[in-house]
Participant: 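One structure is given below, represented as structure tokens, and several questions about it will come after.
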Number of protein chains: 2
Amino acid sequence: MTVDEILHQYDLKNTGCRKFILTELLQSNAALSEEEIKKPFPELFDRVTFYRTLKTLEERGVIHRIVLHDNTVKYALNGHHPDQNPLHAHFHCGKCDEVLCLQGKTRFDAELPADFVSHEVFVVIEGLCAGCNHLS
Amino acid sequence: MTVDEILHQYDLKNTGCRKFILTELLQSNAALSEEEIKKPFPELFDRVTFYRTLKTLEERGVIHRIVLHDNTVKYALNGHHPDQNPLHAHFHCGKCDEVLCLQGKTRFDAELPADFVSHEVFVVIEGLCAGCNHLS
DNA sequence: GCTATATTTGCAACATTGTTGCATTTGAAA
DNA sequence: TTTCAAATGCAACAATGTTGCAAATATAGC
């Protein structure tokens, strides 16, 4: 799946900022913060353009936001197929700060109070990744 | 459990801002945002004092932060006994914005990649509470 | 390839929240 | 009552979120 194909599939114009963001996310298998995405060319696009482009990509379902417990935000591409799974689980390494999506492979149950309805469940696992775990 | 008892138990000075915040949290069975805590007396304490007091109370283990998927933060008292449970689950009503702690009553499993270690798990369930569910 | 048009972008400006330093005030122990 | 570490208020700054508007640009139709 190329960047151009993704943009076409979601009926989005092929603009510089979108191509840049999607290219960075495609190259990385970890989720990236706005700052991490910008890193190779910090001044290439205006702050506001970046902000609005990320918002658009999220609203159209191309990417999703991951909010960590320290209040920082990372972004990752959605799966190619529209994601029907209401359980969004991510792993955050407290040492190297890397964030991974845990697709499937997770299970969550909750007894909610009577008449409560659950729409989506967001899970963040804080811990150490394999690399950082070995170093310690 | 009174505010004074809590402060004494955690070996914290009995100051105005601390008493105010803990009183508000004790009265509410929902988690509260900084703004919601301040609501009755918005100008009673300086913004910075409020910020630092919340930080102190969190560091000392009196309260805990809940980071929602929309990036907002709420605060709630910890249980009286030091919380050893690494699973922190909360419910957020998307309509009335109320946040509840789900103590126990939740179960989470994840197959992490090899050699990954989990320390804490933060869960936020987005949905509708009983009241808002009935109205819709 | 050219034109028209809706969309995207950059800039300025402002809002909100997080954060630090420092001088003053205050809680509580002696 | 005195003393001192701790808490508070103020000023200031940083980071992030957000809006309005004019200029630039992607693409659909000719």
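Order of the sequence lines sets the chain letters (A, B, ...), proteins ahead of strands, with each chain counted from 1. Hydrogens, waters and symmetry mates play no part in the numbers below; they use all other heavy atoms, side chains included.
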Participant: When you match B:Leu44 and B:Asn71 each to their closest nucleotide on DNA chain D, which lands nearer the 5' end?
Facilitator: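 Nearer the 5' end of the strand: B:Leu44.
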Participant: Measure CD/B:Glu59 against P/D:dA6 and give the value in whole Å, please.
Facilitator: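 After rounding, the reported distance stands at 14 Å.
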Participant: Contact between B:Asp109 and A:Thr106 at the side-chain level, heavy atoms closer than 4.5 Å - yes or no?
Facilitator: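 The answer is no, as the side chains (C-beta and beyond) never meet within the 4.5 Å cut-off.
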Participant: Tell me whether the NZ or CZ atom of A:Lys38 lies within the 45° cone about the ring axis of A:Phe45 and under 6.0 Å from its centre.
Facilitator: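 Judged by the rule (NZ or CZ under 6.0 Å from the ring centre, within 45° of its axis), A:Lys38 is not positioned above A:Phe45.
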Participant: Starting at the 5' end of DNA chain C and moving along, which residue's nearest nucleotide shows up first, B:Arg65 or B:Asn14?
Facilitator: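 It is B:Arg65, whose closest nucleotide lies nearer the 5' terminus.
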Participant: Step by step, would you call A:Glu126 with B:His119 a side-chain hydrogen bond (donor to acceptor under 3.5 Å, both in side chains)?
Facilitator: CA-CA 6 Å; A:Glu126 294 282 338; B:His119 291 156; over 6 Å; no
Participant: Counting side-chain heavy atoms from C-beta on, which of C:dA28, C:dT7, D:dC10 comes nearest to B:Val48?
Facilitator: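 Among C:dA28, C:dT7, D:dC10, the one nearest the side chain of B:Val48 is D:dC10.
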Participant: Roughly how many Å is it from CG in B:Leu12 to P in D:dA5, rounded to a whole number?
Facilitator: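 Atom CG in B:Leu12 sits about 18 Å away from atom P in D:dA5.
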Participant: In this structure, how many angstroms lie between the C1' atom of C:dT8 and the CZ atom of A:Arg18, rounded?
Facilitator: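 My rounded result for the distance is 7 Å.
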Participant: Taking the nucleotide of DNA chain D with the nearest heavy atom to each, does B:Lys13 or B:Asp46 sit closer to the 5' end?
Facilitator: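 Result of the comparison: B:Lys13.
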Participant: Give a yes/no on whether any side-chain N or O of A:Tyr51 is located under 4.0 angstrom from OP1 or OP2 of D:dT18.
Facilitator: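 Answer yes for this pair, as a side-chain N or O of A:Tyr51 is under 4.0 Å from OP1 or OP2.
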Participant: Using heavy-atom distances to pick each residue's nearest nucleotide on DNA chain C, tell me which of A:Phe45 and B:Glu35 is more 5'.
Facilitator: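 Mapping each residue to its closest nucleotide by heavy atoms, the 5'-most match is A:Phe45.
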Participant: When we call it a touch if two heavy atoms are under 4.0 Å apart, what does A:Thr49 touch: a base, just sugar-phosphate, or nothing?
Facilitator: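 Contact class for A:Thr49: base.
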Participant: Mind calculating the distance between NZ (A:Lys55) and P (D:dT16) to the nearest angstrom?
Facilitator: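 A:Lys55 atom NZ is separated from D:dT16 atom P by 17 Å.
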Participant: Taking only N and O in the side chain of A:Thr53, is any of them less than 4.0 Å away from OP1 or OP2 of C:dT8?
Facilitator: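 False: A:Thr53 side-chain N/O out of range (4.0 Å or more) of C:dT8 OP1/OP2.
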Participant: Less than 4.0 angstrom between a side-chain N/O of A:Thr15 and OP1 or OP2 of C:dT9, yes or no?
Facilitator: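 A:Thr15 to C:dT9 OP1/OP2: side-chain N or O found under 4.0 Å.
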Participant: Given the structure, check if the side chain of B:Arg52 and the base of D:dG9 hold any donor-acceptor pair shorter than 3.5 Å.
Facilitator: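 Side chain to base: pair present.
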Participant: Whole Å only: how far is the NZ atom of B:Lys19 from the P atom of D:dT8?
Facilitator: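 To the nearest whole Å, that distance equals 11 Å.
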Participant: Provide, to the nearest angstrom, the distance between the CG atom belonging to B:Leu7 and the P atom belonging to D:dA6.
Facilitator: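 Result: 16 Å.
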Participant: B:His69 and A:His64: aromatic ring centres closer than 6.0 Å?
Facilitator: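 When the ring centroids of B:His69 and A:His64 are compared, they turn out to be at least 6.0 Å apart.
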Participant: Is there a donor-acceptor contact under 3.5 Å linking the side chains of A:Asp4 and A:Thr2?
Facilitator: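 Looking only at side-chain atoms, A:Thr2 and A:Asp4 do not form any donor-acceptor pair under 3.5 Å.
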Participant: Would you mind reading off the distance between B:Glu43 atom CD and D:dG9 atom P, rounded to a whole angstrom?
Facilitator: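 It works out to 12 Å between those atoms.
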Participant: B:Arg47 side chain: which of C:dT7, D:dT16, D:dA12 is closest?
Facilitator: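 The answer is D:dA12.
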Participant: Nearest-Å distance, CZ (B:Phe20) to P (D:dG9)?
Facilitator: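 Rounding to the nearest Å, CZ of B:Phe20 and P of D:dG9 are 12 Å apart.
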